[in-house]
Amino acid sequence: MFVFSSIGQYHEALREGTVNCVQAVEHYLQRIEATRHLNAFIDVYAEEALQKAKDLDAKRSNGATMGRLHGVVIGLKDVICYEGHKVSAASKILRDFTSIYSATAVIRLLEEGAIIIGNLNCDEFAMGSTNENSSYGKVLNARDESRIPGGSSGGSAVAVQAGLCMVSLGSDTGGSVRQPADLCGIVGMKPSYGRISRYGLIAYASSFDQIGVFGTNIPDVAILFEVMAGADEYDSTVSHQPVEAYASLLQTDKKYRIAYLAEALDHPSLDPEIASAIKNLAEKLKEQGHEVEPVAFKLIDHIVPAYYVLTTAEASSNLSRFDGIKYGYRSKAEGLDLNELYKESRSAGFGREVKRRIMLGTFVLSAGYYDAYFTQAQKVRKLLVDQTQQIFNNFDVILLPTTPSTAFRIGEKMEDPIAMYLADIYTVMANLAGIPAISLPLFTHSNGMPFGLQVMTKRFDELSLLRFSEQVMTQ
Amino acid sequence: MTDQSTYEIVIGLEVHAQLLTLSKLFCGDSIAYGASPNTQVSPITLGHPGTLPKMNKKAIEHAIRMGLACHCEIERENYFARKNYFYPDLPKGYQISQHTTPICKGGYVEIKSGTERRQIRLNRIHLEEDAGKSLHDVDELNTCLDYNRAGTPLIEIVSEPDLRSAEETVAYLTELRKLVRYLDVCDGNMEEGSLRCDVNISVRKKGDTRLGTKVEVKNLNSIRNAKRAVEAEAARLIGLIENGEPVQQQTRSFDADKGTTFAIRDKEDADDYRYFADPDLTPFQLEESFIEEIRSALPVLQEDRVKKYTTELNLPEYDARVLTDEKELAEYYEATIVHTTLYKAAANWMLGPVKSWMNEHNRSIAEFPIQPAQLATLIQLTDEGKLSFSVASTKLFSYLLANPTVEPLKAAEQQNLLQQSNAGSLEPIIDEVLLKFKDKVAEYKKGKKGVLSLFVGEVMKRSKGKADPKVTNEIILEKLKN
């Protein structure tokens with residue numbers, strides 16, 4: 001029986017010869033088959049993954065050095081392109097579309113010996129907080145199958161939560177990695193904006209999107225991140241800052257200067273049990289010698305509106321390419337003129353939430369409304385960046401809840417999009433400010449569901465983020 | 001017939017020039033013209049999901065070159081904006097362009113209007129990507145799409161409404177085309193669509209200071225059609241006003257077969273392009289040193305050359321202009337006069353035999369087989385009297401065209417074309433001629449001096465053009481004295 005606890009231990013077992021890659025892949029293929037009803041995977045690359053595993057086993061026994069992700073079994077969110085494989089952003093408009101190139105992140109994973117086992121369900125075009133907006137149907141939370149796993153990277157979270165792969169990739173535009181990680185009880189990290197190339201990541205909102213990582217522990221997340229991060233000639237928004245060997249630098253007993261946002265923990269929308277769990281943790285950290293202080297954060301009620309104005313504006317433009325002309329779904333109706341063809345194809349090809357956001361975004365960019373919405377939201381973003389910067393002048397990390405509540409029941413909030421949007425209150429800050437953030441699975445609610453702690457550091461200081469997280473996770 | 005002369009025509013131009021880069025504005029695909037459809041299309045050009053643009057620095061350089069040559073102010077803080085609209089030949093559903101920060105602002109282009117020269121002010125020059133092509137005539141039922149052109153770097157050169165006639169429009173376009181070719185930023189080939197033009201036109205009564213309602217005529221693919229479109233549209237607008245009908249703000253197209261314009265869009269359905277900064281491309285700053293580097297590498301432009309040619313080389317203005325119309329011709333001329341100080345003679349050779357050869361064979365100066373140094377030798381030989389101009393420019397010139405590696409003097413010797421200026425070899429021929437035309441000699445002696453040219457001509461004929469006319473003349477005069 002194959003048991004996975006971490007990439008490090010897996011590699012040790014491979015070296016000792018107590019396990020091999022084929023066994024690992026077979027194990028996961030069985031697990032995936034046994035949990036089909038969770039609907040986490042869209043396509044499973046069974047043959048291909050087994051073949052890759054065989055090749056790796058052969059190379060290893062021939063004495064070849066192991067890549068940093070040798071034999072690591074990984075699932076990809078269905079918004080990340082992998083040459084020769086279908087990618088659809090869980091949308092009907094891209095149903096049966098096969099990517100003709102691989103994302104930079106995917107190429108880097110493969111170069112280190114990763115085995116990609118399949119692509120994972122998500123909210124259509126990464127728009128949603130519950131994974132109920134997928135043309136492939138909803139994903140179930142493995143902890144309680146009557147509950148949502150969170151979104152938009154719900155499939156990626158459940159795949160790790162339910163042990164269907166070792167680690168997985170998601171994308172995080174406003175919390176789409178951290179929120180499902182929180183609701184599923186695993187680790188979910190969103191790096192700084194500009195740390196991992198977005199080339200090959202289907203865009204939702206270009207100035208917010210980042211590929212993120214799901215795992216069960218910090219070292220696994222760190223090694224995956226380390227492999228993918230760094231400059232890429234195909235993405236001019238990626239930073240040229242050198243990539244550190246994060247995974248080998250995690251151990252530290254450093255005492256941190258920790259801020260928590262007073263307004264956030266006292267917010268009326270926050271489940272009191274979550275609020276007290278985080279306050280208690282803050283106290284504990286103080287006792288352990290860290291400096292912990294509340295800081296004022298008056299912008300909290302402006303950031304969700306600003307986030308939705310800016311992301312939907314970018315989305316309305318990013319999703320224009322899905323027009324039924326070059327690829328993807330095209331209406332079969334006869335006798336349509338050009339405009340009708342666009343309307344019919346896009347109306348039938350996109351789901352409800354995606355259309356809602358395209359219309360919202362088109363509206364906020366329209367002449368006459370532009371300044372009142374788009375320009376105003378940009379100002380909020382600028383203020384937020386400045387204020388966040390100021391906090392980091394005095395502190396190393398910021399603590400926040402990841403979500404205001406634990407995973408809710410399937411269907412519970414689908415009819416109230418505004419309430420759904422407001423639940424992003426704690427996660428959108430990191431995307432607006434471009435800073436790294438992580439959700440750590442530290443708590444269990446009295447309702448039996450997990451929830452996490454969100455940690456943020458300044459931009460490109462993933463080293464502190466991961467080190468602090470490792471300290472908190474291992475105590 | 002209305003009297004058009006009581007109206008003033010006001011014209012502004014938007015000219016798109018495809019930049020002479022190797023690859024597209026935001027990816028590595030080739031932009032070579034004439035490839036089979038959809039062969040220069042990477043996933044980036046096709047706007048495949050997940051692709052991102054990456055900036056081509058060469059295109060920025062080209063835009064700055066053009067801006068500097070047009071006396072523009074160069075924007076230091078640039079960003080690209082998305083211009084959102086749906087059209088099948090636009091792969092991403094938006095065009096990456098510039099909006100509030102065109103890379104070049106202001107500036108002017110000098111044109112010749114009648115006998116004077118006039119500055120046409122520019123509003124801006126900005127960078128953007130071209131769209132693909134919708135082909136409506138390939139298939140009977142379907143519109144076909146060729147995305148090879150999609151993403152080709154363009155500059156859009158927007159003038160102020162400073163032009164006042166079809167002739168000025170022609171002069172401006174001619175000047176722009178010359179300029180882009182001089183600068184090597186665009187091949188200026190309007191037939192292949194490398195240079196395209198939209199005309200904004202309005203008319204008003206002479207003396208009015210307010211502008212009339214403007215009409216835009218789009219996509220004119222030759223200078224001639226731009227001229228015809230301006231003439232047709234001005235006449236149409238004047239006709240409307242004369243008949244008391246309102247002018248509508250419209251976008252129109254020019255039908256080159258009929259020579260008329262027709263409406264394609266009213267202002268009411270004008271697009272809202274929802275411009276915003278493209279988040280996939282980081283804003284870029286232009287360093288002073290980068291701009292200065294480009295400035296110092298700018299070629300000498302026509303006006304500077306004309307000035308030099310007329311003052312330092314003492315060429316007539318006409319010669320100077322023709323020689324400098326094309327940079328390559330000017331460069332050839334300048335390479336020639338490195339070897340000879342006979343500037344005017346060199347100009348004559350360029351404007352005479354060389355230009356004739358180019359026109360006759362429809363070739364460029366780059367394809368001219370004779371090297372500047374050889375041409376200079378030819379000019380020197382003629383000036384020294386070793387060759388007559390007519391022999392040099394016909395016989396020897398054609399020989400050298402066919403045998404460009406042969407040294408001109410050697411060629412002349414081999415071909416036996418050198419002038420006979422020694423009296424010894426000329427005298428027998430002259431004696432023959434004078435003998436043959438005894439009666440004419442008698443007439444000469446009676447005072448009919450005009451027949452002298454007959455003798456000289458005959459000697460030239462018999463010597464197959466090699467006789468030096470000056471020497472021949474002298475010998476004949478001497479002989480006739482007796």
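Just so we're on the same page: letters track the sequence lines, and every chain starts at 1.
For A:Phe350 and A:Phe125, the distance between ring centers is under 6.0 angstrom.
When the candidates A:Tyr327, A:Phe374, A:Tyr234 are compared by the number of heavy-atom contacts under 4.5 Å with chain B, A:Tyr327 comes out ahead. Listed options B:Gly28, B:Pro53, B:Pro91 were ranked by heavy-atom pairs under 4.5 angstrom with chain A; first place goes to B:Pro91. Options B:Tyr273, B:Phe86, B:Tyr147, B:Tyr94 differ in how many heavy-atom pairs under 4.5 Å they form with chain A, and the most are formed by B:Phe86. Taking A:Phe208, A:Phe322, A:Tyr342, A:Phe97 one by one and counting their heavy-atom pairs under 4.5 Å with chain B, the maximum is reached by A:Tyr342.
Contact annotation for B:Tyr275: only backbone heavy atoms (N, CA, C, O) come within less than 4.5 Å of a heavy atom of chain A. Proximity to chain B is absent for every atom of A:Ala103, based on heavy atoms less than 4.5 angstrom apart. Interface remark: A:Leu94 contributes side-chain atoms only to the contact with chain B (heavy atom separation under 4.5 Å). Only the side chain of B:Asn84 comes within contact range of chain A, judged by heavy atoms closer than 4.5 Å. Within the 4.5 angstrom heavy-atom criterion, no atom of A:Gln378 approaches chain B. In this structure, chain A has a heavy atom under 4.5 Å from the backbone of B:Leu46, while its side chain stays farther away. Contact of A:Leu201 with chain B is made through the backbone alone, with heavy-atom distances under 4.5 Å.
In the displayed structure, B:Leu22 atom CG is contacted under 6.0 Å by at most 12 heavy atoms of other residues, nucleotides or ligands. Other residues, nucleotides and ligands contribute over 12 non-hydrogen atoms within 6.0 Å of the OH atom of A:Tyr136.
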Q: Before giving the answer on side chain to side chain contact (heavy atoms under 4.5 Å, CB included), spell out for B:Lys218 and B:Ser253 the whole-Å C-alpha distance, their side-chain angles and the decisive distance to 0.1 Å.
A: CA-CA 5 Å; B:Lys218 281 198 110 55; B:Ser253 191; 5.8 Å; no
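A cation-pi arrangement is absent between A:Arg357 and A:Tyr308, since the terminal nitrogen or guanidinium carbon is not both under 6.0 Å from the aromatic centre and inside a 45° cone about the axis.
In this structure, the separation between CG on A:Asp123 and CG on A:Asp78 is 12.0 Å, given to the nearest 0.5 Å.
Remark: of the listed residues B:Gln95, B:Arg149, B:Lys92, B:Lys24, B:Lys92 is the sole one forming a side chain to side chain donor-acceptor pair (under 3.5 Å) with B:Glu129.
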